[in-house]
Trainee: 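Handing you this structure, nothing more for now.
What you are looking at is a predicted structure, and each value in this text was computed from that prediction instead of being measured. Proteins come first, then strands; the chains are lettered A, B, ... in the order of their sequence lines, and each starts at number 1.
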Number of protein chains: 2
Amino acid sequence: MLTDRQLLILRAIVDDYIKTAQPVGSRTLSKRDDVTFSSATIRNEMADLEEMGLIEKPHTSAGRIPSELGYRFYVDHLIRPESISPQEAKALKSLFAHSVNENDRLIRHTADLLSELTHYTTLVLGPKEEGQRLHHLELIPLAEGRVVIVLVTETGHVEHKTLQLAEALSREAASRLMERLNQTLRGTPLSNLRLRLLEEIRRFRSEHSEQTSLLSKALDIVLMDQQDERPLIYLGGKANMFDQPEFQDVAKLRPVLELIEQQEALFDFLSPNLDNQILITIGSENNVDALKDCSVIRAHYSVDGVSLGTLALIGPKRMDYNRGINSIIHLLQAFQTELRKNSLD
Amino acid sequence: MLTDRQLLILRAIVDDYIKTAQPVGSRTLSKRDDVTFSSATIRNEMADLEEMGLIEKPHTSAGRIPSELGYRFYVDHLIRPESISPQEAKALKSLFAHSVNENDRLIRHTADLLSELTHYTTLVLGPKEEGQRLHHLELIPLAEGRVVIVLVTETGHVEHKTLQLAEALSREAASRLMERLNQTLRGTPLSNLRLRLLEEIRRFRSEHSEQTSLLSKALDIVLMDQQDERPLIYLGGKANMFDQPEFQDVAKLRPVLELIEQQEALFDFLSPNLDNQILITIGSENNVDALKDCSVIRAHYSVDGVSLGTLALIGPKRMDYNRGINSIIHLLQAFQTELRKNSLD
DNA sequence: ATTAGCACTCGTTAAAAGTGAGTGCTAACA
DNA sequence: TGTTAGCACTCACTTTTAACGAGTGCTAAT
């Protein structure tokens with residue numbers, strides 16, 4: 001167990017290092033107002049903290065920096081949930097002053113806001129399809145067998161795909177089929193949609209003896225890779241990485257930026273967050289080599305209890321956890337409120 | 001005017017420097033098979049070339065590197081339009097083996113291909129709306145006054161917007177209006193669309209005395225910022241920048257990557273290319289400070305004579321112009337062919 | 001006109017020396 | 001017994017110096 005003085009020192013070291021990016025020495029600490037004891041005492045305490053694995057020194061004659069364990073302890077026990085200042089709260093509210101109708105523009109906007117707020121890079125994992133339910137389906141036949149299919153989910157997410165059929169689909173046939181599909185399929189979870197849709201088309205065909213097998217085949221193909229398709233990941237404030245002193249070296253910067261550009265890898269990384277809490281992972285806790293010098297703050301967003309995606313903040317291990325956590329919590333609220341407005345149930 | 005020998009030497013210097021990124025010395029050159037004269041002779045010629053401003057030395061005791069003027073001369077006069085090898089040609093054809101229905105996926109794919117082909121970063125300016133004509137318009141009323149509007153252009157570009165009306169639009173009203181709009185508006189250039197659409201809705205309203213003013217207002221707003229909206233810019237191979245020795249320094253890398261992330265700035269940069277040629281800009285010719293150490297190869301793409309957007313390749317001034325130009329020319333062909341397939345006229 | 005030879009330049013690398021922030025330990029002190 | 005002053009020691013960082021060598025420009029011989 002740590003004494004109060006050790007807690008004070010540890011917190012001071014982490015705070016200072018977060019601010020300056022320089023190893024913190026005993027003399028520096030002793031000059032602080034809230035430190036009443038001498039540098040020698042601090043050195044003794046530091047030795048103890050180091051023995052416990054909470055801090056470490058880059059080399060013999062340097063000050064101390066927090067270890068990963070130290071950051072972990074800091075995050076778990078030493079952060080004060082500083083409420084944001086009134087003017088910030090106000091600013092936050094006005095951020096979403098005009099509602100944004102389209103969910104994906106809203107997400108993009110949110111990613112930018114969060115990165116502006118924190119000066120870190122933001123990742124937003126777009127709504128995953130699985131949990132969502134169909135609200136409306138529209139088939140738009142164009143010339144030459146081209147058909148646009150528009151799919152609207154209950155969360156208000158709209159997307160379109162283009163099919164290419166071997167022969168044209170008449171507007172009437174499309175319209176009849178569509179009406180039928182919307183009647184029977186509204187509310188179907190997207191994860192089931194492909195099977196249900198094919199089934200329904202087959203039934204429709206037999207009932208009306210209409211030639212829709214081409215459509216059925218084309219739809220199948222499109223929905224097939226629809227299924228494999230992963231939610232988009234929106235990035236905000238990529239350039240913020242350049243400001244971090246730890247990433248002034250291209251060798252350090254490169255893997256992080258490269259990872260961030262890879263939708264696939266990021267998806268795997270952002271997806272599996274189980275509980276609804278704010279999740280913080282520090283350095284090696286990320287289990288991704290490229291992020292071994294980074295910390296990530298993640299938060300789930302959901303609407304009406306349906307978990308949709310993830311809001312994440314990425315920065316150096318020496319990131320301002322306090323500010324990051326607070327910003328993400330508050331923005332999460334506002335974001336979810338906006339999303340709620342766009343949903344159709 | 002340059003002598004043949006000077007041309008040989010200049011080409012050799014540029015070729016060598018492009019390959020190695022190291023200043024080229026007279027001794028190195030004299031060892032080449034195609035160089036029959038001594039290093040001293042080369043030094044004399046180099047002195048002349050330097051006086052003409054075609055090459056320069058980083059410092060007194062270094063070899064020569066091409067100046068911007070030198071690159072310009074090289075690009076204008078010394079590049080041999082090496083046709084690509086048969087296996088490359090074959091590979092290029094198979095790249096688009098499966099047609100991609102959606103234009104924006106096609107564009108994304110193309111950007112990736114081009115960067116893979118060249119190992120440089122690729123920028124693709126998506127189709128600009130102005131020149132395009134309306135093919136089809138669809139209004140999809142959803143619950144609670146939400147209406148999705150789907151817009152298909154003759155080039156096969158599909159996009160959707162969401163409107164929020166104060167009161168619901170009936171499916172019947174939407175259907176009637178839509179039929180009318182499609183009859184009268186097909187072929188309208190998107191640049192006119194907003195005005196024509198409003199006009200048409202007004203006329204429709206007076207004829208049918210239907211309450212569509214809300215719709216009209218909402219549509220106006222959406223189309224208004226549709227007009228301001230700029231084509232997306234697709235990027236490929238951003239990570240390739242990291243491989244260039246000239247960008248190993250964060251200070252050099254940062255402005256380039258930052259610029260690339262800024263849609264606005266890039267748009268201004270990529271847009272004004274007047275003729276249908278391949279355009280190469282070197283260093284300061286880019287008129288953009290962030291690109292003062294970069295060269296850009298740009299090519300227009302168009303379908304049926306309608307210029308749609310720009311395909312661009314960005315790399316260090318020391319980029320492999322030969323390969324870059326050839327790749328972009330050949331990919332441009334294939335890309336346009338695919339685009340053509342997707343168009344609906 | 002071409003080339004061999006040579007003194008000279010200057011960036012690069014390596015080694016050497018000096019600097020200073022910070023530490024650990026010890027002994028004195030409250 | 002906990003705290004502090006003092007001091008020797010460590011080691012990254014900076015500066016200095018020296019050696020190195022690729023490359024140049026000039027000159028004189030071919």
Side-chain angles (χ1 to χ4, degrees), chain A residues 1-10 12-17 19-32 34-67 70 245-246 248-249 252, chain B residues 1-10 12-17 19-32 34-67 70 245-246 248-249 252:
Chain A
M1 205 39 213
L2 295 181
T3 65
D4 281 353
R5 194 164 67 190
Q6 286 173 326
L7 291 177
L8 173 65
I9 291 176
L10 178 56
I13 290 174
V14 180
D15 281 340
D16 215 72
Y17 187 63
K19 209 179 296 171
T20 65
Q22 295 298 323
V24 187
S26 54
R27 227 179 99 73
T28 316
L29 281 187
S30 71
K31 284 194 204 127
R32 289 173 60 120
D34 55 349
V35 170
T36 54
F37 30 91
S38 78
S39 65
T41 309
I42 295 173
R43 283 200 288 280
N44 288 330
E45 297 287 26
M46 279 174 156
D48 291 348
L49 288 172
E50 186 170 2
E51 208 167 311
M52 288 183 255
L54 293 169
I55 56 179
E56 56 197 25
K57 32 184 180 188
H59 57 86
T60 328
S61 66
R64 303 304 213 289
I65 63 177
S67 66
E246 29 270 280
Q248 286 313 298
D249 181 10
K252 290 267 186 230
Chain B
M1 207 39 215
L2 295 180
T3 66
D4 281 353
R5 194 165 66 190
Q6 286 173 326
L7 290 177
L8 174 65
I9 290 175
L10 179 56
I13 290 174
V14 180
D15 281 340
D16 214 72
Y17 187 62
K19 208 180 295 170
T20 66
Q22 295 298 322
V24 188
S26 55
R27 227 180 100 73
T28 317
L29 281 189
S30 71
K31 285 193 203 126
R32 288 173 60 119
D34 54 350
V35 170
T36 54
F37 30 91
S38 80
S39 64
T41 308
I42 295 173
R43 282 200 288 280
N44 288 330
E45 297 286 28
M46 278 175 158
D48 291 348
L49 288 172
E50 185 170 1
E51 208 168 307
M52 288 183 257
L54 293 168
I55 57 178
E56 56 196 27
K57 32 185 180 185
H59 57 86
T60 327
S61 65
R64 303 303 212 289
I65 63 176
S67 67
E246 30 270 280
Q248 286 313 298
D249 180 10
K252 290 266 185 235

Trainee: Regarding A/Glu246 and A/Lys252, does a basic nitrogen lie under 4.0 Å from an acidic carboxylate oxygen?
Mentor: no
Trainee: Could you check how far NZ of A/Lys31 sits from P of C/dA21, rounded to whole Å?
Mentor: 9 Å
Trainee: Is any side-chain N or O of B/Ser61 closer than 4.0 Å to OP1 or OP2 of D/dG23?
Mentor: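 Looking at the OP1 and OP2 atoms of D/dG23, neither is under 4.0 Å from any side-chain N or O of B/Ser61.
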Trainee: Hey, does the side chain of B/Ser26 reach the backbone of B/Ile42 with a donor-acceptor pair shorter than 3.5 angstrom?
Mentor: no
Trainee: Would you kindly give the CZ-to-C1' distance between A/Phe37 and D/dA5, to the nearest whole Å?
Mentor: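 My rounded result for the distance is 17 Å.
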Trainee: Should B/Gln6 and B/Leu54 count as side-chain neighbours, where that means a heavy-atom distance under 4.5 Å?
Mentor: no
Trainee: If we ignore hydrogens and angles and just use 3.5 Å, is the side chain of B/Ser39 paired with the main-chain N or O of B/Ser30 as donor and acceptor?
Mentor: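 No, B/Ser39 side chain to B/Ser30 backbone: no donor-acceptor pair under 3.5 Å.
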Trainee: Report yes if a donor N or O on one partner sits less than 3.5 Å from an acceptor N or O on the other, where the partners are the side chain of A/Arg27 and the base of C/dG22; otherwise report no.
Mentor: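 Donor-acceptor pair under 3.5 Å: no.
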Trainee: Using heavy-atom distances to pick each residue's nearest nucleotide on DNA chain C, tell me which of B/Asn44 and A/Gly25 is more 5'.
Mentor: B/Asn44
Trainee: Answer yes or no: does a side-chain N or O of B/Arg5 lie under 4.0 Å from OP1 or OP2 of C/dT2?
Mentor: yes
Trainee: Closest approach of B/Ile13 and B/Ile55, non-hydrogen atoms and distance?
Mentor: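 It is CD1-CD1, 3.9 Å.
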Trainee: Of the nucleotides D/dT24, C/dG24, D/dG23, which has the atom closest to the B/Thr28 side chain?
Mentor: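 The answer is D/dG23.
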Trainee: For A/Ala62, report the nucleic acid contact type (base, sugar-phosphate, nothing); a contact means any heavy atom under 4.0 Å.
Mentor: sugar-phosphate
Trainee: Is B/Arg64 close enough to D/dG25 that one of its side-chain N or O atoms is under 4.0 Å from OP1 or OP2 there?
Mentor: yes
Trainee: Closest nucleotide of DNA chain C for A/Ala40 versus for B/Glu45: which of these residues is on the 5' side?
Mentor: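 Upstream on the strand: B/Glu45.
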Trainee: Starting at atom CD of A/Gln22, determine the distance to atom C1' of D/dC13, rounded to an integer number of angstrom.
Mentor: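 One finds 12 Å between C1' of D/dC13 and CD of A/Gln22, rounded.
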Trainee: Of the candidate nucleotides C/dT23, C/dG11, D/dT24, which contains the atom at the shortest distance from the side chain of A/Ser26?
Mentor: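 My answer, after comparing the listed nucleotides, is C/dT23.
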Trainee: Rounded to whole Å, please give me the gap between CD in A/Glu50 and C1' in C/dC25.
Mentor: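 Roughly 15 Å, once rounded to whole Å.
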Trainee: With the side chain counted from C-beta on, respond yes when A/Met52 and A/Leu2 share a heavy-atom pair under 4.5 Å apart, and no when they do not.
Mentor: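 Side chain of A/Met52 against side chain of A/Leu2, heavy atoms only: contact under 4.5 Å found.
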Trainee: Check the distance between D/dC26's P and B/Glu51's CD and give it to me in whole angstrom.
Mentor: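 To the nearest whole Å, that distance equals 11 Å.
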Trainee: If you only use heavy atoms from C-beta on, which nucleotide in C/dG24, D/dA5, C/dC10 is closest to the side chain of A/Ser38?
Mentor: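 Nearest to the side chain of A/Ser38 among the choices is D/dA5.
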Trainee: Distance check needed: C/dG22 C1' versus A/Ile9 CD1, whole Å only.
Mentor: 15 Å
Trainee: Mind calculating the distance between CD1 (A/Ile42) and P (C/dT23) to the nearest angstrom?
Mentor: 9 Å
Trainee: Rounded to whole angstrom units, what separation is found between the CE atom of A/Met46 and the C1' atom of C/dC25?
Mentor: 16 Å
Trainee: Looking at every strand, decide which applies to B/Thr41 at a 4.0 Å heavy-atom threshold: base, sugar-phosphate, or nothing.
Mentor: base
Trainee: Check whether any side-chain nitrogen or oxygen of A/Thr60 sits under 4.0 Å from OP1 or OP2 of D/dC11, and answer yes or no.
Mentor: yes
Trainee: Would you tell me if any nitrogen or oxygen in the side chain of B/Lys57 comes within less than 4.0 Å of OP1 or OP2 on D/dG25?
Mentor: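 Looking at the OP1 and OP2 atoms of D/dG25, one of them is under 4.0 Å from a side-chain N or O of B/Lys57.
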